[in-house]
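Encoded as structure tokens, the structure appears first; notes follow it.
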Amino acid sequence: MWWTFLKAVKSGQHRLAPMTWVAAAGAVVYTLWPIDAIPELVLGPLGLLDDAGLWGILLVLLTREKQRFEVGLRDEAIDVEGTVRSS
């Protein structure tokens, strides 16, 4: 279902919330930025925790968006009486 969701986002069938875009941009920029809140060079693997935390937040936001997309698909397929609509 993730593939369907990503194709719907790419085609414009589903619009992501602005906060999801901000989190995605922030995750990419923060990961690539040479200055970290917890530097890997000094603290080693512990320094990866802040990067992983930011990517975790992004994953939560994307999962919510995917659930919102799936609810929209179900709402299109079944009407109030529970009968399947023919689109």
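Numbers here simply count residues along the sequence, with the first being 1. Not measured: the values here are computed from a predicted model.
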Task: Val9 vs Phe69 side-chain heavy atoms within contact, under 4.5 Å - done: no

- [ ] Quick one: pull up OG1 in Thr4 and CD in Gln13 and give me the separation to the nearest 0.5 Å.
- [x] 9.5 Å

Open item on the list: Apply the hydrophobic cluster definition, ILVMFWY joined by side-chain contacts under 4.5 Å directly or through others, and give me every member besides Ile57.
Closed with: Leu61

Task: Interatomic distance, Glu70 atom CD to Arg74 atom CZ [nearest 0.5 angstrom] - done: 6.5 Å

- [ ] Output the distance between atom CZ (Arg68) and atom CG (Leu73), rounded to the nearest 0.5 Å.
- [x] 11.5 Å

Task: For the student: nearest non-hydrogen atoms of His14 and Phe5, plus distance - done: CD2-CE1, 3.7 Å

Task: Heavy-atom pair of closest approach, residues Ala27 and Leu58 - done: CB-CD2, 4.2 Å

Task: Hydrophobic cluster membership, Leu16 vs Leu6, 4.5 Å side-chain cutoff - done: yes

TODO: Would you check if Asp50 and Trp55 make a side-chain contact, meaning some heavy-atom pair closer than 4.5 Å?
DONE: no

TODO: Please identify each residue that fulfils side chain to side chain contact (heavy atoms under 4.5 Å, CB included) with Thr63, with sequence neighbours left out.
DONE: Trp2, Leu59, Gln67

Open item on the list: Would you say Val71 ends up clustered with Met1 if hydrophobic residues are merged whenever their side chains have heavy atoms under 4.5 Å apart, either directly or through other cluster members?
Closed with: no

- [ ] Would you please name every residue forming a salt bridge (Lys or Arg N to Asp or Glu O under 4.0 Å) with Arg15, sequence neighbours left out?
- [x] none

